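In this text, all values refer to a predicted model and were calculated from it rather than measured experimentally. Positions are given from 1 along the sequence.
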Amino acid sequence: MEPRRIAITGTSGLIGGALADALRADGREVVRLVRREPRAADEARWDPSGREQELNVAAIDGCDAVVHMAGAPVAARRWTDRYKREIRDSRVLGTAAVAAAIAGAGTRPRVFLCGSAIGYYGDTGDRAVDEDAPAGTGFLADVARDWEAAAGPAQEAGARTLFIRTGLVVARSGGAWGKLFPIFRAGLGGRLGNGRQYWSAISLADYLAALRFLLDDANELSGPVNFTGPHPVTNREATRAMGRVLRRPTVFAVPAPLLRVVLGEFSQDVLGSQRVLPKRLLEAGFVFAEPTVEDAIRGALARRG
């Protein structure tokens, strides 16, 4: 049986908003969880700090599934100690609040899709990894590990819980990749550092299709699932693909030292390499419509949204 009533956090973001639209188009009822007072019939207020837990329980009680995508953007600003706390707390505390609400609901959601990130694996270099790989080291790896652990109450309450370890999402606007399109259109695009670091990307269309695939009760997957395309490429290769599709030169390069000055600690992740494979999605029978980075870029440009 497919979930009919689905609560979503993070609908102001790229993925959450697009998912809400896609599920409505499928004929499902969407409850958008918002931190402010509701302004529309499909909104319900929730408290990501978990202090108003009765509010959170009321917001999801009676929903068949919850998709949790809320969290402070990783690349929105320089990583000060204060912003790193915000990145961590927005994910860990928010996940704990949702998981506790699922456990406390009178009519509990059957499925919990919890956002996570391929940052879990740390820098993998040239080594390809899948969901069987252990956690890596570094700030984002630590955040992802704590993020997933915070979902424990939902798992213990019997909700089928999946951790959506997200790679780079290729979209025309929004997200990190959306910021690349105007740069490359202007002919100013180029590799970052030496360009040999691996990027594991997935098109927004495939991302949404995979989320709906996992929501279906006929799918019995639980635990971590990598949301990346099946063909990771280096930054240099992704740069060339952008140039081919947009028909622009890609002669510029951003030296690693400059990235370190501009981005600070976050530059370690920009210059780091993550060669991550979607083993569990493929084994479950999911078929990628846009399996390569070039496919994803062309698909993003073909869609107006």
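Residue Thr80 holds its OG1 atom at 8.5 Å from CD of Glu86, rounded to the nearest 0.5 Å. In this structure, the separation between CG on Asn219 and CG on Leu162 is 7.5 Å, given to the nearest 0.5 Å. Rounding to the nearest 0.5 angstrom, the gap separating the CZ atom in Arg172 from the OG atom in Ser203 is 14.5 Å. Distance check: Glu131 CD to Phe163 CZ gives 12.5 Å after rounding to the nearest 0.5 Å. Atom-to-atom distance recorded for Leu192:CG and Thr234:OG1 is 11.0 Å, nearest 0.5 angstrom. To the nearest 0.5 angstrom, Arg280 atom CZ is 15.0 Å from Phe286 atom CZ.
In this structure, Arg4 and Asp26 approach most closely via the heavy-atom pair NH2-O, 4.4 Å. For Leu282 against Pro230, the heavy-atom pair with the smallest separation is CD1-CB, 4.3 Å. Residue Ala171 comes nearest to Gly174 through the heavy atom pair CB-O, 4.2 Å, listed as atom of the first residue, atom of the second, then distance. In terms of heavy atoms, Ser200 sits closest to Pro232 at OG-CB, 3.8 Å.
Glu52 is not listed as a side-chain neighbour of Trp46, based on a closest heavy-atom distance of 4.5 Å or more. Side-chain contact between Arg88 and Asp146 is present, with at least one heavy-atom pair separated by less than 4.5 Å. Under the 4.5 Å side-chain criterion, counting only non-hydrogen atoms from C-beta, Leu246 is in contact with Leu301. Counting only heavy atoms from C-beta outward, the side chains of Asp64 and Asp217 never approach each other to under 4.5 Å. Side-chain contact check for Thr250 versus Arg191: every heavy-atom pair is 4.5 Å or farther apart. Residues Val74 and Arg91 meet the side-chain proximity criterion, which asks for heavy atoms closer than 4.5 Å. At least one side-chain heavy atom of Ile297 sits under 4.5 Å from a side-chain heavy atom of Val170. Side-chain contact between Ile202 and Val169: present, with at least one pair of heavy atoms (C-beta onward) separated by less than 4.5 Å.
A donor-acceptor distance shorter than 3.5 angstrom exists from the side chain of Thr161 to the backbone of Ala159, with no hydrogens or angles considered. Formation of a donor-acceptor pair under 3.5 Å by the Gln268 side chain with backbone atoms of Asp123 is not found in this model. Between the side chain of Asp216 and the backbone N or O of Ala218 there is at least one donor-acceptor pair closer than 3.5 Å. Using a distance-only test at 3.5 Å, with no hydrogens or angles considered, no donor-acceptor pair links the side chain of Arg5 to the main chain of Ile60. Side chain of Arg108 to backbone of Ala157: a donor-acceptor contact under 3.5 angstrom is found. Of the possible polar contacts, none joining the Asn235 side chain to the Gln197 backbone as a donor-acceptor pair under 3.5 Å is found. When atom types are taken as modelled, the side chain of Glu290 and the backbone of Ala205 share no donor-acceptor pair closer than 3.5 angstrom. Looking at Thr124, its side chain does come within 3.5 Å of a backbone N or O of Arg275 through a donor-acceptor pair. Side chain of Asp206 to main chain of Ala289: a donor-acceptor pair is present (N/O by atom type, distance under 3.5 Å, no hydrogens or angles). Under a 3.5 Å cut-off, the side chain of Arg248 and the backbone N or O of Arg185 do form a donor-acceptor pair.
A continuous path of Ile, Leu, Val, Met, Phe, Trp and Tyr side chains, each step under 4.5 Å between heavy atoms, connects Phe288 with Phe213, placing both in one hydrophobic cluster. Hydrophobic clustering keeps Ile87 apart from Leu93 (ILVMFWY residues linked when any side-chain heavy atoms are closer than 4.5 Å, directly or through intermediates). Both Met69 and Leu214 belong to a common hydrophobic cluster when Ile, Leu, Val, Met, Phe, Trp and Tyr are linked at side-chain heavy-atom distances under 4.5 angstrom. Ile118 and Phe139 fall into different hydrophobic clusters, where Ile, Leu, Val, Met, Phe, Trp and Tyr are joined by side-chain heavy atoms under 4.5 Å apart, directly or via other members. Clustering ILVMFWY residues whenever any of their side-chain heavy atoms sit less than 4.5 angstrom apart, transitively, puts Leu271 in the very cluster that holds Val233.
In this structure, Arg32 pairs ionically with Asp42, as a charged nitrogen and a carboxylate oxygen lie closer than 4.0 Å. A salt bridge links Arg298 to Glu294: one of the charged nitrogens lies within less than 4.0 Å of a carboxylate oxygen. Using a 4.0 Å cut-off between charged side-chain N and carboxylate O, Arg45 and Glu37 make a salt bridge.
Dense packing is recorded around CZ of Arg78, with more than 12 heavy atoms of other residues, nucleotides or ligands lying under 6.0 Å away. By the neighbour-count criterion of 12 heavy atoms within 6.0 Å, atom CZ of Arg24 is densely surrounded, having more than that number from other residues, nucleotides or ligands. Applying the 6.0 Å contact sphere to CZ of Arg36 captures more than 12 heavy atoms from other residues, nucleotides or ligands.
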* To do: I would like to know whether Asp132 and Lys279 meet salt bridge (Lys or Arg N to Asp or Glu O under 4.0 Å); could you show each step before the answer?
  => CA-CA 9 Å; Asp132 294 327; Lys279 176 184 175 183; 2.8 Å; yes

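Listed by first then second residue, pairs satisfying ring pair (Phe, Tyr, Trp, His ring centres under 6.0 Å) with a partner in residues 185-210 read Trp177-Trp199, Tyr207-Phe227, not counting sequence neighbours.
Between the side chains of Glu148 and Ser116, at least one donor-acceptor pair of N or O atoms lies under 3.5 Å.
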